[in-house]
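Input: a single structure, listed below in C-alpha cells.
From a predicted model like this one, the values you see are computed outputs, not experimental measurements. Order of the sequence lines fixes the chain letters, A, B, ..., with proteins taken first and strands second; residue numbering starts at 1 for each chain.
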Amino acid sequence: MIKMVTHPERCKSCRYCERDCPKDAIKPSGKMNAQGYEYMSVDEDLCILCGTCYTVCPDLVFELLEAEA
Amino acid sequence: MAKEFKAPKNIKYVGFCPGCGHSIFVRLMQEVLEEKGYLDKNVCVVGVGCSANVHGDNVYGDNKMECHHGRPPVAGNGMKRVRPDVFVWTYQGDGDAYAIGMGETILAAEQGFPISVFVINNCNYGMTGGQMAPTTLHGQVTTTTTKGRADYPINVMPLIQSIDNVAFAARATVTSPAEIRKLKKYIEKAVDLQMNEGKYSFVEIVSPCPTNWHKSPVDSCKWIDEEVTKVFPLGVFKG
Ligand SMILES: Cc1ncc(C[n+]2csc(CCOP(=O)(O)OP(=O)(O)O)c2C)c(N)n1
Ligand code: SF4
Ligand SMILES: [Mg+2]
C-alpha cells in the first residue's frame with residue numbers, strides 16, 4: 001500500500017503544491033519549521049495519492065512510499 | 001493504482017532559494033540518472049552561478065567539477081574524450097552559457113561535442129544579486145537595469161537549431177506538473193542520444209528566480225507563463 005510521507009522540515013513555503021494539488025488537499029499549516037518557513041499540511045481524506053505534489057515540490061517535502069506491512 | 005514517488009537518494013539537502021527552478025531540474029536529473037543506472041557513471045560539469053549550489057556534499061557525490069565561468073562545454077568535451085563510457089552533462093546558467101561562455105556554447109554545438117548541455121535560463125545573474133543577463137527581457141527591471149532594460153534579449157535557439165551537429169534541442173520550463181514531466185522526457189532523450197549515439201544535445205530550462213525577481217514563487221511562474229515564454233517559446237526545436 002502506498003502512503004504519503006512528508007518532510008515538513010524541508011519546506012520553504014513556495015506553495016507550488018497548494019497551487020497544483022488537483023484535490024485542494026494541501027494548505028499552509030499555520031506553523032513554522034526550523035528554517036523559519038510556514039510548512040504545508042496535507043488533508044489525507046482528500047488526498048488521492050496522485051504524486052502531483054512530489055512532482056512540483058522543489059524541496060523534496062513529499063514522498064509516496066510503499067508502506068511496510 | 002497509486003505509484004511510488006521516492007526522493008532521489010543522491011540529494012542530501014536542497015540549497016536553493018524558495019521556489020527556485022534549479023531545484024526541480026536537479027531533482028529530475030537525479031531521477032533520470034538513478035532510473036537509467038548512471039548514478040556512478042556521470043559527471044556534472046558545473047558553471048559559475050547558482051548551479052554551484054550543488055557543491056559540497058549535498059548532491060551528486062563526487063561526480064562533479066566546477067569550471068571556469070562559461071567553460072563547461074569545453075571542459076566536458078575533454079572529459080568525454082577520455083571517458084566515453086561516462087555520461088557528461090553541463091549544468092549552467094544563462095549568464096554562464098550566453099554571456100561569458102557564449103563562444104563555448106556555440107562551439108560545442110557547432111562541433112557536435114558528444115555531451116549534453118543544460119542551461120537554466122532565469123533571465124538574470126541570480127547568484128550575484130540579479131544583474132542583467134543577455135536573456136533579460138526588454139523592460140525587465142534588474143539591479144543593473146533599474147529603469148527596465150532598454151535593449152533586447154538574445155534567444156540562442158534559432159542558431160542552435162540551425163546547426164547540423166545538434167541532435168536534439170529543446171526548451172522547457174518548470175511552472176506546472178505537465179511542463180516538469182516534459183522536461184524529464186527531454187533529459188532522458190539527451191542521455192540516450194549521448195550514450196547510445198555519441199551525440200550532442202541542448203536543453204534550456206526557463207526557470208523562476210523569485211528572490212531576484214522580487215515576486216512570490218507562484219507569481220514568478222505566472223510571469224514565465226504569461227511573458228517570458230513569449231520571448232523564449234517552449235518545445236522541441238530539433239530532433
Ligand atoms: C570570471 C568571472 N566573472 C564574473 C564572475 C561573477 N559571477 C558569478 S556568478 C555570475 C553570473 C551567474 O549568472 P547565471 O549564469 O545566469 O547563473 P544563475 O545564478 O542565474 O543561475 C557572475 C557574473 C565570476 N565568478 N567569474
Ligand atoms: S538566487 Fe535565484 S537562481 Fe539563485 S538559488 Fe535563489 S532563486 Fe535560485
Ligand atoms: Mg541566470
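Residue contact with chain B, scored on non-hydrogen atoms closer than 4.5 Å, involves the backbone and the side chain of A:Leu64 alike. Only the backbone of B:Lys3 comes within less than 4.5 Å of a heavy atom of chain A; no side-chain atom from C-beta onward does. Contact of A:Asp59 with chain B is made through backbone and side chain together, with heavy-atom distances under 4.5 Å. Contact annotation for A:Cys50: only backbone heavy atoms (N, CA, C, O) come within less than 4.5 Å of a heavy atom of chain B. The contact between A:Thr52 and chain B is made entirely by side chain atoms (from C-beta outward), counting heavy-atom distances below 4.5 Å. Looking at B:Glu179, neither its backbone nor its side chain comes within 4.5 Å of chain A, counting heavy atoms on both sides.
Annotation: maximal heavy-atom pairing with chain B below 4.5 Å, among A:Glu66, A:Lys3, A:Arg15, occurs at A:Glu66. Each of B:Cys17, B:Ser220, B:Cys221 has some count of heavy-atom pairs under 4.5 Å with chain A, and the biggest count is that of B:Cys221.
In summary, A:Glu38 and A:Lys12 do not engage in a salt bridge, as defined by a charged side-chain N under 4.0 Å from a carboxylate O.
Aromatic ring orientation, B:Phe16 versus B:His22: parallel (interplanar angle below 30°, classes split at 30° and 60°). Relative orientation of the B:Tyr91 and B:Phe25 rings is tilted, given thresholds of 30° and 60° on the angle between their planes.
Between the side chain of B:Arg71 and the backbone N or O of B:Ile100 there is at least one donor-acceptor pair closer than 3.5 Å.
If you check the side chains of B:Asn121 and B:Glu204, you find a donor sitting under 3.5 Å from an acceptor.
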Run B:Thr175 and B:Asp225 through side chain to side chain donor-acceptor pair (under 3.5 Å) and show every step you take.
CA-CA 7 Å; B:Thr175 57; B:Asp225 291 341; 2.8 Å; yes
